[in-house]
Amino acid sequence: MAKQAAHDRLPETGHTAPTNGLTRLRWTSTLAIVAIALWWLCLKAFTSRWVYLLQYGAVSVVSPKLEVLVPTPWPTLLFIGVGAGAWLYAAQRLFKKCSRAHPSAQPRLLVCFASGVAWLLLATAPWLFDLWLHLSMDVAMVQAVGIWGPTLWQPLWLAGFSGLAARSFALGLILSENSAASSAAELTSVRTQRLAGQTVFGGPALVAVLSLLCGAWWFAQSQQAFDNFLLGFNDCGHFAQRIANTAAGRGLLLESPVLPAFWDHFNPGLLVLVPLWWLWPHMSLLFAVQAVCLAGSAPILSLLARRLGASAVQANLWGIAWLMQPVLGQMNLAFGYGWHPISLAIPALLATLVCVVSRRWWWAAGWSVVACSMEEGALVIIATTSASLAAIELVADRNRWLSLLRVRPGLVSPEPALDGVRRVSALLPAPTWIAIAALATVSFVLIYKFSGLAPFQTGRFVSLGNTPLEILTSPVTRPEAFWGLLLRSRNAIFLAGLLIPCGLWSLARGWPLLLPLVLPLAVLFVWNHTPAQSLAFHYSSTLLPVLWLSAIVGANRYVGAIGTRASGSGDDEAYALSWSTLVTALVAGCLLGQMPWSVDTLNDMRAKTFDSSTARRSGTDDHRFAHQQLASIRQRGEGVLATGRLATHLVGVKDLETVGQFFERREALAKLTPDRHPLLRYETIVLDRLEGFQQSRSQIDAIEQEALANGFQIQAQQHDLIVLVHTAAQQN
């Protein structure tokens, strides 16, 4: 008995822990090891699957019984190993803290420990269910019944519950540090040291360095895809040609002589890139600009978190989580569409938010103008955000509403969630927010009506109507079409892919700031355009700043007014939620993102581009031949008609058109030269018979036949790539 009492006496505190408490702790620690092992196996199994982000599909290349045995690329395997090691480290630390804690604090710590283990076990439930099915039932029966099949819900489930486990572990470690304090003064000191960020995660340069690394990776990724003919022409070629034509004096933001400058999007901000194009007239410039904007937004988000009351460590965790979210890396390549000017609006919108919470109104106005000049969608998010903040202020102003309703004050309480959200909404009075929303709305309507983009954008909602009024009234006039599009299952996956990496717990606490996203998301949901609901594209770009604002505000809901920091449990919860968001984003980014350790999510893009997986790959003869021919064509600088991927390498020539869009614009082009065939506008036609991303094989064959019939001759032909030059051009 004496030995047992001595054994149970804790050396640091001098307190004796109850035997049943130690027993539960030992069982929890054993279960933690099992949960971490299962988490490791589950993540490794999921990395063996093929993911298709355009159609939201997933394919298991082997049976679930064998998925963990599939060879894993070393960066992914290293990520999985580091992740499992981090879980073991956190569990070991929490076990030690629990075993040495004061008896009064031990139950709370044990709850955190046990809940974290439970979340980890729950994270692996979909994979364990798959495994159980294939171990207990005939495979043919399972497939026939249709109760098994890889989906994108499984990696999102794993990421979400991994984040909840991280929150529980982090909160347990924080509470253990707090419980070790013997006085209120010592507790204040512990919290002050934690908030000061005297660790590597609080270093001011950490996010900047990681941003540079991510930017370099995304730039290199774009360069490689470009070199291997996996980028463009839509969208990157469209906007790049406008910049090149402006720089050469061939027309202000001119892409095609038969189209207005803003036929698809309103982006006069492209003009700021013209001087850069003079210095570096190559697509690499735009890849670099996009990488800087995507990765460079992380320090701005960290600054925003600091302005909203987060500590140095928390702000850095938010910045790193921003970089890890899967949709950000996917925007870089955008399923092969590449660079898009909307990427420049992301840091501008974040800078606008920083200036707003810092009460630098003129700077905020300037950055908002920059954002709106990159795409009209920024006006929509500014309008809906301002309107939502106005509504929050009006709802929070209890006395005004009660007087209007003639209800005595005190009978209705303000919405509890507004105590944190009002740190943002109360920066300006409701009438001012309404005025900003009205100005942004009017600006959007004027741009939509007079810029030339209305026919193109309206055409994408043709299933709902042919005019803006018909589209707006379609929920009533065409309910089957409208609600059928709105309630598609792909919309739910798209929404989950945006929300889960930001931390659902944080978003739930800051939910009023999600209201600005309702209208833009509804538009994307009912858009009869598959990429609009895909995580692989840029359509959610303007939503991200508001989404992360809501998460940061929700996590720091009880911190206090902007620029101050309240003491109490709010700080502890905010710290835990920042770790939770980072872990969620890391796991989601591994399975759905575009980081070095991420699963390959571009299989369907490659298959849609080329029939062969080795076609036009670096080091092959056809790759060298294609680049030789393109270099010669660029040097001549003549008008060119080309298949999409090849056309991206010809940005800057005087008249550039793609095969796919030539057929769409053929009649308009013919009117420019009614006395001759529209193909004769171009001195050179270069066709890649293998590329099917932005035109069909029948269109390529039709162009080749028409070209040969109208005086073009074959100048070079190898590896299913053909270069045709007009007779007159050959004589010149």
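No experiment lies behind these values; they were computed from the predicted model shown. Just so it is clear, the values below take in all heavy atoms, side chains as well, and ignore hydrogens, waters and symmetry mates.
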- Message: Check this for me: does any side-chain nitrogen of one of R697 and D701 sit under 4.0 Å from a carboxylate oxygen of the other?
- Response: yes
- Row check, F693 ring normal vs R645 NZ/CZ: under 6.0 Å, within 45°: yes
- Task: Would you check if the side chain of H529 reaches a backbone N or O of P531 as a donor-acceptor pair within less than 3.5 Å?
- Result: no
- Scan side-chain atoms only and decide if T601 and Q330 contain a donor-acceptor pair under the 3.5 Å cut-off. yes
- Message: Using the rule given for ring-ring contact (aromatic ring centres under 6.0 Å, His included), can you reason through W339 versus H538, listing the C-alpha separation, both sets of side-chain angles and the distance that settles it, and then say yes or no?
- Response: CA-CA 9 Å; W339 175 77; H538 58 264; over 10 Å; no
- Task: Determine yes or no for a side-chain-to-main-chain donor-acceptor pair under 3.5 angstrom, with T648 supplying the side chain and G644 the backbone.
- Result: yes
- Message: Please report the interatomic distance CD(Q717) to CG(L687), rounded to the nearest 0.5 Å.
- Response: 10.0 Å
- Query: Between CH2 of W322 and CD1 of I552, what distance do you get to the nearest 0.5 Å?
  - Reply: 9.5 Å
- Item | Criterion side chain to side chain contact (heavy atoms under 4.5 Å, CB included) on L544 and Q325, from CA distance to verdict | CA-CA 10 Å; L544 295 183; Q325 61 175 322; 3.8 Å; yes
- Query: Parallel under 30°, tilted from 30 to 60°, perpendicular over 60°: which one fits the rings of F229 and H627?
  - Reply: tilted
- Item | Any P326 side-chain heavy atom under 4.5 Å of P501 side chain | yes
- Which residues share a side-chain contact (heavy atoms from CB on, under 4.5 Å) with Q224, sequence neighbours left out: N228
- Check whether any side-chain N or O of H649 sits under 3.5 Å from a backbone N or O of F226 as a donor-acceptor pair, and report yes or no. yes
- Query: Does the pair D621/R616 count as a salt bridge with the N-to-O cut at 4.0 Å?
  - Reply: no
- Message: Before you tell me yes or no, could you show the steps for T643 and Q695 under side chain to side chain donor-acceptor pair (under 3.5 Å), namely the whole-Å CA-CA distance, both residues' side-chain angles and the distance that decides it to 0.1 Å?
- Response: CA-CA 7 Å; T643 47; Q695 63 281 309; 5.0 Å; no
- W217: partners by side-chain contact (heavy atoms from CB on, under 4.5 Å), with sequence neighbours left out: Q221, P596
- Taking all non-hydrogen atoms of both residues into account, name the closest pair between A348 and V370 and its distance. CB-CG1, 4.0 Å
- Item | S386 (side chain) donor-acceptor with A383 (main chain) under 3.5 angstrom | no
- Would you mind reporting whether I714 and V723 have side-chain heavy atoms less than 4.5 Å apart? no
- Query: Testing F335, W527, F525 for ring-ring contact (aromatic ring centres under 6.0 Å, His included) with Y539, which one passes?
  - Reply: W527
- Message: Under the criterion side chain to side chain contact (heavy atoms under 4.5 Å, CB included), I'd like the reasoning laid out for F494 against S540: C-alpha separation, chi angles, the key distance, then a yes or no.
- Response: CA-CA 10 Å; F494 173 59; S540 59; 4.1 Å; yes
- In terms of side-chain geometry, is the basic nitrogen of E657 or R665 positioned less than 4.0 Å from the acidic oxygen of its partner? yes
- Judged by atom type as modelled, is there a donor-acceptor pair below 3.5 Å linking the side chain of T673 to the main-chain atoms of D675? no
- Donor-acceptor pair, side chain of Q694 and main chain of N234, under 3.5 angstrom: yes
- Rounded distance (nearest 0.5 Å) linking atom CD1 of I342 with atom CZ of F537: 15.0 Å
- Task: Step by step, work out the side chain to side chain contact (heavy atoms under 4.5 Å, CB included) result for L294 and W218.
- Result: CA-CA 9 Å; L294 294 178; W218 287 328; 4.0 Å; yes
- Query: Can you check side chain to side chain contact (heavy atoms under 4.5 Å, CB included) on R490 and S534, steps first, answer last?
  - Reply: CA-CA 8 Å; R490 64 179 290 107; S534 175; 4.0 Å; yes
- P545 and L353: which non-hydrogen atoms are nearest, and at how many Å? O-CD1, 3.8 Å
- Where the side chain of S550 meets the backbone of L547, is there a donor-acceptor pair that is under 3.5 Å apart? no
- Under 3.5 Å, side chain of S211 to main-chain N/O of A295, donor-acceptor pair present? yes
- Query: Would you say the side-chain atoms of R242 and T246 include a donor-acceptor pair closer than 3.5 Å?
  - Reply: no
- Task: Any chance you could measure D720, atom CG, to E691, atom CD, to the nearest 0.5 Å?
- Result: 12.5 Å
- Message: Tell me if a side-chain donor or acceptor on D227 pairs with a main-chain N or O of Q223 at a distance below 3.5 Å.
- Response: no
- Could you give the distance from CD (Q533) to CG (L521), rounded to the nearest 0.5 Å? 10.5 Å
- Task: Kindly say whether F287 contributes a backbone atom to a donor-acceptor pair with the side chain of N332 at under 3.5 angstrom?
- Result: no
- N245 and its side-chain hydrogen bond (donor to acceptor under 3.5 Å, both in side chains) partner, picked from E255, K654, R250: R250
- Item | Polar contact flag, side-chain donor to acceptor under 3.5 angstrom, Y448-T458 | yes
Please report, to 0.1 Å, the donor-acceptor pairs under 3.5 Å made by any side chain of residues 265-278, with sequence neighbours excluded.
unit_1	atom_1	unit_2	atom_2	d
H265	ND1	E375	OE2	3.4
H265	ND1	E376	OE2	2.9
W278	NE1	A247	O	3.0

- Output the distance between atom CG (L304) and atom CH2 (W548), rounded to the nearest 0.5 Å. 11.5 Å
- Do NZ/NE/NH1/NH2 and the carboxylate oxygens of R681 and D655 come within less than 4.0 Å? yes
- L53 to D604 - nearest heavy-atom pair and separation: N-OD2, 3.9 Å
- Of all heavy-atom pairs between I381 and P516, which one has the smallest distance, and what is that distance? CD1-O, 4.0 Å
